[in-house]
Structures are given as C-alpha cells and as structure tokens.
*Asks:* 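Have a look at the structure that comes next, please.
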Amino acid sequence: MLTPKVEHLMTTTKTIRTMCPMNCHPTQCGMLAEVNDGRLVGITGDHDNPDSHGFLCVRGRAAGEIIGNSKRLLTPLIRERRSHDAWQESSWDNALDLVTERMELVGREAVGIWSGHGNLANNYGLFTNNQLLGRFANHYGCQNWNPQMICWGLGGFGLGLTGALETNTKEDMGENAAMILLWGANLVSQPNTIPHLVTAKKRGARLITVDVRKTEATAQADEMILIRPGTDAALALAMMHTIIAEDHHDKNFVSNHTVGFEELANHVRPFTPNWASDITGVDAIRIRSLARLYAETKPAMIIIGGSSIHKGLNGWRAARAISCLPALTGNFGVNGGGIGPRHSSSCHGGGFATITDRDKRPAGNYIPNQMSEISAAISDRRVRALILFGSNMLSSYADAENVAAGLDEAELVVTYDLFMNETSRQFADVVLPATAWLEDIGCKSTNTHIYLMEQALEPEGEAWPVQDVLKGLGSRLGLNEFYPWVSQEEVISAVLDHPSTGHATVADLRSMAGIKALDVSHVAYPTHQYHTPSGKIEFSSVRAEKVGLPRLPVHEDIAVSEFPLVLCQGRTITQFHSFYDHGQALPSLAKHDLGAQLWL
C-alpha cells in the first residue's frame, strides 16, 4: 500500500527531496526526484543540501536508470540446480518457505548473514538496515558479520590502536587548515571535500598528496609524492624520526596527552629518511622536507584514504603509523588539525541509537569478523547457508577462488539485490528482488547532517524492502520480538533517538524540510579524551601487545616474490564497489567502462 503522501503523487507532479543512493561517505549528495503520475521523470542535485550544494557526479546522475531498468530483478527466483537456464519465478511465500526450511535443516550456527553497500542505499550513516540484520541475527542466533572488514575496517583498527577515530570536518579544514596532507585519499571518493580544499588553498593553505599513482587530487596539489605500494608506514616512521631527532615535536602535547613517547623515540631512531627512501622510493631529502614542513606548519590536517590505502600490504600498519603524526606535532583537538574526513568516520559527539538487541544473542560458536576466518568457515562447511543482502561476495572477498569453491559447496545461497551479479549468477539458489532507494522511506547522514528520504515511488514488480524480508523470515522462525514496531518510520525514529540528533523523529525531520544539523563538534577530541584505555593517544599500545601485535607502529617488509608487480585498488569516477552489477546494469555508466583496466 502507498502512504497518503505517495497516493497524492499519483495525480500530480511533485519534487521529492532525497539523497543519492551511492554511499561515498563522508560525501553524501542531496538529490531531488521529480515524480509524475507515480513515475520518475527526472533527478537533479539539491542546491539546498548543505553538504553537496546541488552537486551530483556521474554515478549519482545515473541513479535514475535503476528505475524501469529491463535488467532489474522484479520477482523472486528459485532454481533446483545451479545453471543459468534453471531459474523459475516464485511467490514470496514459496521462496521464504524454502529459505527457512533449509536454514532450519543446517541449524542456526551454520547460517551466515552478510550485507554490502547495496543494503545501505537509503540508510548509510544510520545503518538502519544493517542494524535490523544484526537484530535478526541476535534474536535467531546465526552468524552475522560486519561488512566494514572489507572496506575501511583495517584502517579503523590501526587508528583505534592509536586512539584517533574521530575526525575534523571538511568545513573546519576549509576554514582553518594551513597545510593539508592527502595521504592515499582519492577525491573521487569524497567529491564534496573538493570545494573546501579550494577554499583552503585560496587562503594560502599548502596541499600535498601522497599516493601510489597520480590521482584526480594531483591537479589541486602543490606537491605530489609517489610512493611504492604498501610502504606508507615506512614513510610515516621516517617522518617521526625526523620530527623527534630535530626537536620539532610538541612537548606540551606529548607530555599531557600521549603515552609511550620515550619508547617511540627509541623505536624510530633507526628509521631514518635514508632507510625509508630505499623502501618507499621517495628521495630522503623529500622525506626530511615533508616532515619538517608538516611539523612547522600549524595547524596541519591529514586526510587518510578511506579504503584503498588499507586494502593491501601493511594496510592497518599505515593507519597506525600515520595517526601518530598529529599527536607528535600537537595537531589533535585543534581547529584545522588532526585527521580530516574519511569514509565512515564520525565527529565528536556524533552517533545514533542501537536497536540490535545484542543481549538477546544466545550462546554459540560464532565466526569472527575476519575474511580469512569466514572464508575458511564456508570452505569447511561450518557455514552451510548464506543470505547475502546487497552484496557481491565473490567480488568483495579476497582469495576469490577459495570463496567460490566454498560457495559451490554451500547448501543454500540467497541473494537480495536490484540486479544479478557474479555471486547470484554462479551460486545463488534463491534470488530476492530488492526495493530501490526511492521505493521505501529512509534516512542518511553525513558527519554534520541527517537527511530524511521520503518514499517517492511504489516498489517495482514484487520487490520487497529489507524489513519485510526479515519479518517474513522471522515469523516463520518464531522470532516474535524481532520487529516490535508498527512501521519502518518508527524504526528510523528509534535509531535517531540520540543526543547528536536532539532525539529527533521522522516527524521532526518532516517539519524541517527533511534536513537537520547534527549537534557535533567540527573539531575532533576537543576535550582530549581519546579512544584508548588510558584516554590518551597511545604511541605504545598494551592492547596491541596483548593480541600478539607490536606495541609500537611498524613497517613490515613485503615478502620477496617471483612476481614484480603489486596490485592496488582504488576508486574510479564511474564505479562504486560492485553496485548495479559493477555499473554494467546502468547504461550511462556501462558506456564508460567497456572492460577491466590495468594502470601501471
């Protein structure tokens, strides 16, 4: 049934405020959807959106091609054998009956739920759908893994060991930073940061990029430093060596807000610029110059790549080492300093309520949130059934051959998505059609604002929203307390119930034209209470040591290989992960990506 608001759209033309379905956080772009007689007739950027100011990139402009797309999944499909010609249309009841029958057959601990960015098209930031998946898994007692592990999770791990998870905002950077160091940060991933970089440069701020290739950011940079893949930690260690050896560190900050400085000083003594030059390929003179410039320019901000820098060798070690630099130079807790916006970061005071019911999770043998552990569990049949929401697991996971072999042996693979993808074509037994971002109510957030996304269209075909799929499974499995709300609007209001939103509700957002500023600080760690057991920045981490990792930041040499090249991953302007069958389902994106490309 349509809500009264949507019924009204059936008889007149309306412009509905929404957000782009891509999840390029910290960028989230405002969008206006024009609907006439229940049909989408156009999308444009929202000039009143305080984050994007009307901007939409080629990915966002292509989003309208999801609606009415001939390749879109519109009805449940099942097959008895995994062959491309074996698909049969099914009712939702039959499909969910089949899924729950096999879930009960293998047992709850052998069922795994995994979600990707496709599950967040209308709720990124609040992660409402992922929270519902977690709640379902907790009430049922099945496996459920955090998708951040294949995205920015390793970087977050390294930052967390240091204690530097909060970030300053792009607005603060534009207004206050005197130096900006883009370290593995590709602006294709966060285009809304670009105007603030331009503002900073007009004030005279110096912009330096560190990357393994010349990216789009190079055009804005005063200096570009090309580095060998997997050697970022070595560069950061050599910078620390120079800063300490030449007495450029901020003694007051180090004394008051850090732990382990003496250990660090002794530790980095052998990590000279000459040592790092051999590893990174960057001239020692440039390394020394970069360290001095960073230490002497106040305030200085580092923007660390959100995902690509962490998806290769030494990934978490890079974040661990780089995040020590602002502490050495006294750049944390000040305007224009610290670490700038990155994927999935939050500002001081930011956050949302949780509805996952973690305390309802029964005891069990649960697989850790690690790709290697999950892949092994699928391969050795500890996990025998997989339900995948908005994810192409075969594309997302490392060691694709072993993942494929495990999926091939699985007794049940279910995919829920807008389009077929590699995983569903090869391994799915059941395919469930998902709603698009305009076909259900949602709410997204950036670091500084929340945005209501009203339902603008009826679902195409027999597509169901995530909550209806989970309610259908839950009712069959006897999970009577899984979904106590009357509507998805109530679910969103429950997640919004947090001090950063002023305990806002969906009704409150409607009264504000769908936009509300979050009550957050534009400066990370203004009280200098950091995310560590000591409450200080930890150059030396006891937590790391307890789990068998180095107490101090390190670089690990890349293993000698017979192969001379190292694979790196990065964002291109026309793609966002495996969205829309790697963009091939949307004509305006597909025409730009005729095949795989290798940059050397």
*Asks:* Just checking, Arg59 and Tyr580: is the charged tip under 6.0 Å from the six-membered ring centre and within 45° of the axis?
*Replies:* no
*Asks:* Would you say Gln488 and Tyr483 are linked by a side-chain donor-acceptor pair, where the criterion is simply a distance under 3.5 Å?
*Replies:*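 Present: a donor and an acceptor within the cut-off.
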*Asks:* Apply the test side-chain contact (heavy atoms from CB on, under 4.5 Å) to residues Leu586 and Ile66: give CA-CA distance (whole Å), side-chain angles for both, the deciding distance (0.1 Å), then the verdict.
*Replies:* CA-CA 7 Å; Leu586 306 186; Ile66 299 168; 3.9 Å; yes
*Asks:* Please find the pair of heavy atoms, one from Ile450 and one from Ser445, that lie closest to each other, and give the distance.
*Replies:*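 Scanning both residues completely, I find the closest heavy atoms to be CG2-CB, 3.8 Å.
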*Asks:* Could you go through the salt bridge (Lys or Arg N to Asp or Glu O under 4.0 Å) check for Glu460 and Lys71 one step at a time?
*Replies:* CA-CA 12 Å; Glu460 280 196 70; Lys71 295 182 179 181; over 6 Å; no
*Asks:* Is there a donor in the side chain of Gln467 and an acceptor in the side chain of Asp440, or the other way round, less than 3.5 Å apart?
*Replies:*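 Gln467 vs Asp440: donor-acceptor pair found between side chains.
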*Asks:* Quick one: does Val414's side chain get under 4.5 Å of Leu432's, heavy atoms only?
*Replies:* yes
*Asks:* Salt-bridge test for Arg17 and Glu454: reply yes if a basic N is under 4.0 Å from a carboxylate O, no otherwise.
*Replies:*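 So Arg17 does not pair with Glu454 through a salt bridge.
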*Asks:* Which residue pairs satisfy the salt bridge (Lys or Arg N to Asp or Glu O under 4.0 Å) criterion with at least one member in residues 101-125, sequence neighbours excluded?
*Replies:* none
*Asks:* Measure from the side-chain N and O atoms of Glu556 to the backbone N and O of Ile558, and report whether any donor-acceptor pair falls under 3.5 Å.
*Replies:* no
*Asks:* Are any non-hydrogen side-chain atoms of Thr128 and Cys443 less than 4.5 angstrom apart?
*Replies:* no
*Asks:* So that I can tick it off, tell me whether Glu489 and Arg510 are bridged by a salt bridge, with the cut-off set at under 4.0 angstrom between side-chain N and carboxylate O.
*Replies:*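 Looking at Arg510 and Glu489, the cut-off is met.
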*Asks:* With a 6.0 Å cut-off on the ring centroids, do Tyr397 and Trp114 count as close?
*Replies:*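 Between Tyr397 and Trp114, the centre distance is under 6.0 Å.
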*Asks:* Does the side chain of Val431 reach to within under 4.5 Å of the side chain of Trp87, using non-hydrogen atoms?
*Replies:* yes
*Asks:* Donor-acceptor check, side chain of Asn421 to backbone of Ser424, threshold 3.5 angstrom: yes or no?
*Replies:* yes
*Asks:* Can you name the nearest heavy-atom pair linking Ser115 to Leu133, along with the distance?
*Replies:* CB-CD1, 3.5 Å
*Asks:* May I ask you to decide whether Arg476 forms a salt bridge with Asp93, counting only side-chain N to carboxylate O separations under 4.0 Å?
*Replies:* yes
*Asks:* Would Arg543 and Ser541 count as a side-chain hydrogen bond (donor to acceptor under 3.5 Å, both in side chains) if you check the C-alpha gap in whole Å, the side-chain angles of each, and the deciding distance to 0.1 Å?
*Replies:* CA-CA 5 Å; Arg543 284 187 299 172; Ser541 171; 4.6 Å; no
*Asks:* Between Ser391 and Leu388 (side chain of the first, backbone of the second, donor and acceptor by atom type, cut-off under 3.5 Å), is there such a pair?
*Replies:* no
*Asks:* Tell me the closest heavy-atom pair linking Met22 and Lys444, and the distance in Å.
*Replies:*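 Nearest pair, atom of Met22 first, then Lys444: O-NZ, 2.7 Å.
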*Asks:* Where do Asn402 and Asp399 land on the side-chain hydrogen bond (donor to acceptor under 3.5 Å, both in side chains) test, with the steps shown first?
*Replies:* CA-CA 6 Å; Asn402 280 337; Asp399 198 5; 2.6 Å; yes
*Asks:* Determine, for Arg425 against Asp581, whether the closest basic-nitrogen to carboxylate-oxygen distance falls under 4.0 angstrom.
*Replies:*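 Asp581 and Arg425: salt-bridged.
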*Asks:* Kindly compute the distance separating OG1 (Thr18) from CD (Gln455), expressed to the nearest 0.5 Å.
*Replies:*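 Thr18 OG1 to Gln455 CD: 11.0 Å, rounded to 0.5 Å.
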*Asks:* Give, for atom CD of Gln131 and atom CG of Asn138, the distance between the pair rounded to the nearest 0.5 Å.
*Replies:*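 These two atoms lie 10.5 Å from each other.
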*Asks:* Aromatic rings Phe136 and Tyr140: how do their planes relate, parallel, tilted or perpendicular, breaks at 30° and 60°?
*Replies:* tilted
*Asks:* Measuring only between side-chain heavy atoms, which start at C-beta, is Leu74 closer than 4.5 Å to Pro433?
*Replies:*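 No - every pair of side-chain heavy atoms lies 4.5 Å or more apart.
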*Asks:* Would Val466 and Val469 count as a side-chain contact (heavy atoms from CB on, under 4.5 Å) here? Give the steps.
*Replies:* CA-CA 5 Å; Val466 169; Val469 178; 5.7 Å; no
*Asks:* Spell out, as yes or no, whether a donor-acceptor pair under 3.5 Å connects the side chain of Trp92 to the backbone of Glu462.
*Replies:*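 Answer holds: yes.
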*Asks:* Quick one: does Leu98's side chain get under 4.5 Å of Val430's, heavy atoms only?
*Replies:* yes
*Asks:* Fit a plane to each ring of Phe157 and Trp316, take the angle between them on a 0 to 90° scale, and name the class: parallel (under 30°), tilted (30 to 60°) or perpendicular (over 60°).
*Replies:*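 Perpendicular.
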*Asks:* Is the Tyr124-His343 ring centre distance short of 6.0 angstrom?
*Replies:*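 Yes: the rings meet the under 6.0 Å criterion.
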*Asks:* Would you say Asn129's side chain and Asn119's backbone share a donor-acceptor pair under 3.5 angstrom?
*Replies:*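 Yes: the side chain of Asn129 pairs with the backbone of Asn119.
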*Asks:* Measure the CG-CD distance between Leu40 and Glu439 for me, rounded to the nearest 0.5 Å.
*Replies:*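 Leu40 CG to Glu439 CD: 10.0 Å, rounded to 0.5 Å.
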*Asks:* Would you say the side-chain atoms of Gln190 pair up with the backbone N or O of Ala185, donor to acceptor, closer than 3.5 Å?
*Replies:* no
*Asks:* I'd like to know whether CG of Asp380 has more than 12 heavy-atom contacts from other residues, nucleotides or ligands below 6.0 angstrom.
*Replies:*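 Result for CG/Asp380: enclosed.
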*Asks:* Nearest 0.5 angstrom please: Ser588 OG to Arg61 CZ, how far?
*Replies:*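 Those atoms lie 8.5 Å apart.
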*Asks:* Under a 3.5 Å distance rule, please check whether Asn69 uses its side chain to pair with a backbone N or O of Glu65 as donor and acceptor.
*Replies:* yes
*Asks:* Would you say Thr162 and Arg320 are linked by a side-chain donor-acceptor pair, where the criterion is simply a distance under 3.5 Å?
*Replies:*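 Per modelled atom types, Arg320 and Thr162 side chains form a pair under 3.5 Å.
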*Asks:* At what distance, to the nearest 0.5 angstrom, does CZ of Arg135 lie from CG of Asp357?
*Replies:*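 Rounded to the nearest 0.5 Å, the CZ-CG separation comes to 4.0 Å.
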*Asks:* Using every non-hydrogen atom in the two residues, find where Trp145 and Leu386 come nearest and quote the distance to one decimal.
*Replies:* CZ3-CD2, 3.9 Å
*Asks:* Quick check: does any side chain N or O of Glu411 sit under 3.5 Å from a backbone N or O of Arg384, one acting as donor and the other as acceptor?
*Replies:* no
*Asks:* Please say which of Asn122, Asp51, Thr446 ends up in a side chain to side chain donor-acceptor pair (under 3.5 Å) with Tyr451.
*Replies:* Asp51
*Asks:* For Ser500 and Gly351, work out which heavy atoms get closest and say how close.
*Replies:*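 Ser500 and Gly351 have their closest heavy atoms at OG-O, 2.7 Å.
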*Asks:* Whether Arg82 and Asp429 form a salt bridge (side-chain N of Lys/Arg under 4.0 Å from carboxylate O of Asp/Glu) is what I want to check.
*Replies:*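 Salt bridge present between Asp429 and Arg82.
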*Asks:* Between the side chains of Arg358 and Thr356, does any donor sit under 3.5 Å from an acceptor?
*Replies:* no
*Asks:* Measure the shortest side-chain to side-chain distance between Lys360 and Glu481 over non-hydrogen atoms and say whether it is less than 4.5 angstrom.
*Replies:*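 Yes, at least one pair of side-chain atoms sits under 4.5 Å.
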*Asks:* Hey, mind stepping through Arg39 and Val41 against side-chain contact (heavy atoms from CB on, under 4.5 Å) and telling me if it holds?
*Replies:* CA-CA 6 Å; Arg39 294 175 58 252; Val41 295; 4.2 Å; yes
*Asks:* Got a donor-acceptor contact below 3.5 angstrom from the Thr501 side chain to the Leu496 backbone?
*Replies:* yes
*Asks:* Taking side chain as C-beta onward, heavy atoms only, is Met31 less than 4.5 Å from Leu56?
*Replies:*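 Touching, per the 4.5 Å side-chain cut-off.
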*Asks:* Given the rule in the side-chain contact (heavy atoms from CB on, under 4.5 Å) test, do Tyr416 and Thr435 qualify, once you have shown the distances and angles that lead to the verdict?
*Replies:* CA-CA 10 Å; Tyr416 169 87; Thr435 46; 3.9 Å; yes
*Asks:* Check whether Ser475 reaches the backbone of Lys471 with its side chain - one donor and one acceptor, N or O, closer than 3.5 Å.
*Replies:*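 Yes, because the side chain of Ser475 sits within donor-acceptor range (under 3.5 Å) of the backbone of Lys471.
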*Asks:* What distance separates Cys20 SG from Gln28 CD, expressed to the nearest 0.5 Å?
*Replies:*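 Going from the SG atom of Cys20 to the CD atom of Gln28 covers 8.0 Å.
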*Asks:* Can you confirm whether Ile387 sits close enough to Met103 that some side-chain heavy atom of one is under 4.5 Å from a side-chain heavy atom of the other?
*Replies:*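 Yes, side chains in contact.
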*Asks:* Specify the closest pair of heavy atoms between Ala319 and Leu159, including all atoms of both residues, with the distance to one decimal.
*Replies:* O-CD2, 3.8 Å
*Asks:* Sequence neighbours excluded, which residues qualify as ring pair (Phe, Tyr, Trp, His ring centres under 6.0 Å) partners of Phe427?
*Replies:* none
